[in-house]
Amino acid sequence: MTTPSYPQLHIKRGKEHAVSKGHPWIFAGAIHTDVPIEQYGAIFDIHVPDGNKFIARGYFNGHSQIAFRALTRDQNEAIDQRFFEKKFRELFELRKRFINTRSTNAFRCVFGESDGIPGLIIDKYNDVFVIQIHTMGMELLRKTIVEAMKEVYNPKTIYERSDVGVRKHENLPDEPKGHVWGERLTGEVEILEHNVKFLVNVVDGQKTGFFLDQRDNRKALQSYCTGKRVLNCFSYTGGFSVYAALAGATETISVDVAAAALETAKRNFEINKLPTNKHQFIDMDVFNYIDQCEKKGEKFDVIILDPPAFVKNKASLKKGLAGYLYINERALHLLPKGGILVSSSCSAHVSDEMLQQTLSMAAARAHCTLKAVEIRHQPIDHPFNVQFIEGKYLKYYVMVKE
Ligand code: SAH
């Protein structure tokens, strides 16, 4: 076998530690480069200056602060269709080891950096596969990736949802979205998650259509819901509410500002044969809804807070944490003693400790104690690779108010 050959870049002396230890990124200031702009996005080999030792192969983009992202540490491995097929197969097998694919047919097949394929997301919704490309390196490999997907997944449809703001950091001009391959989508895709049915709007839904990462947390919620009145804040298409209702919640109230998502929530109740007359779907800002409930003196047995990421970057940390503090404190006013507060954060910039401190402050302000009964994180299809701390993002606390 001939060793594949790629142009070389040299990492600056003393900057090789992180990438040598398995981190996928090299920042712009750490590489010696005079790569012409036409080659941005192409594959390069990274070598250390002393002894010229190879350390990683990946793609380079001089437009991005994250100038290099590693794809392999094996010098004999070419970045071609075979590479992607092999990776996709391995990652699929890993999912199948931990996910019962008879009761769950929707999960994330590829989670970017955390799965060793930086800049690429692939979500499976039954036999529909959604691809999301974040970087120029992946953009240039688009055709190869789609061919490999066809080989490995045998999809009915491949759809693209690269309408994500992060692409601008790569100087990628547009945010492509649309049909890529196979049968055209004519409506929502029905999926099965722990034997619960959901409709997913791949074309116009948020992210790639569904928040797959809360799958196991939604299931775990059920043990707190039997006979209870459950308020689901930031409900989207009613994920937590459907599970709660199936577990015998007497009433669920789903609140979201996305009217279309709430329409889907209603239909998600229907396809699971749940009566919608016992359940409410409220198109309203959660902050206003909570105010309104407080004024009326309403109480709930279980309150779920699963807001969008309040902290999107380091600069918004303070403001975002204040948001988490506010919403948690306000929710506590609607809970009686013994009630359950479920509080989640999907901000990668908010660590476990930061969230815990925020919850502690919220409890102090609401003059109560919060006892954590369950602390959960992201599932196996959104893996946390310990060498890539940036990929650790989901936190989920279940607490009893005392
Ligand atoms: N728990 C959901 C996912 C929630 S995602 C699930 O399991 O599927 C966050 C949701 O918050 C989105 O649906 C978004 O429309 C909604 N949202 C964002 N800001 C909001 C606000 N101020 N009031 C109500 N909903 C809001």
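Start at 1 and go down the list; that is how both ligands and their atoms are numbered.
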Legend entry - Verdict with reasoning, Lys177 to Asp204, per salt bridge (Lys or Arg N to Asp or Glu O under 4.0 Å): CA-CA 10 Å; Lys177 171 181 166 175; Asp204 294 315; 3.2 Å; yes

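- Residue Glu93 forms a salt bridge (Lys or Arg N to Asp or Glu O under 4.0 Å) with just one option from Arg97, Arg89, Lys96, and that option is Lys96.
- Side chain to side chain, Gln132 and Thr208 fail the donor-acceptor criterion of an N or O pair below 3.5 Å.
- No hydrogens or angles considered: nothing links the side chains of Ser235 and Ser241 as a donor-acceptor pair under 3.5 Å.
- With no hydrogens or angles considered, a side-chain donor-acceptor pair links Tyr243 and Glu193 at under 3.5 Å.
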Between ligand 1 and the protein, give all atom pairs where both partners are nitrogen or oxygen and the distance is under 3.5 Å, as lines of names plus distance to 0.1 Å.
| unit_1 | atom_1 | unit_2 | atom_2 | d |
| --- | --- | --- | --- | --- |
| ligand 1 | 1 (N) | Phe234 | O | 3.4 |
| ligand 1 | 1 (N) | Asp306 | OD2 | 2.6 |
| ligand 1 | 7 (O) | Arg218 | NH1 | 2.7 |
| ligand 1 | 13 (O) | Gln206 | NE2 | 3.2 |
| ligand 1 | 13 (O) | Asp256 | OD1 | 3.4 |
| ligand 1 | 13 (O) | Asp256 | OD2 | 2.7 |
| ligand 1 | 15 (O) | Gln206 | NE2 | 2.9 |
| ligand 1 | 15 (O) | Asp256 | OD1 | 2.7 |
| ligand 1 | 22 (N) | Asp285 | OD1 | 3.3 |
| ligand 1 | 23 (N) | Val286 | N | 2.9 |
| ligand 1 | 25 (N) | Val257 | N | 3.2 |

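- With no hydrogens or angles considered, no side-chain donor-acceptor pair links Ser64 and His169 at under 3.5 Å.
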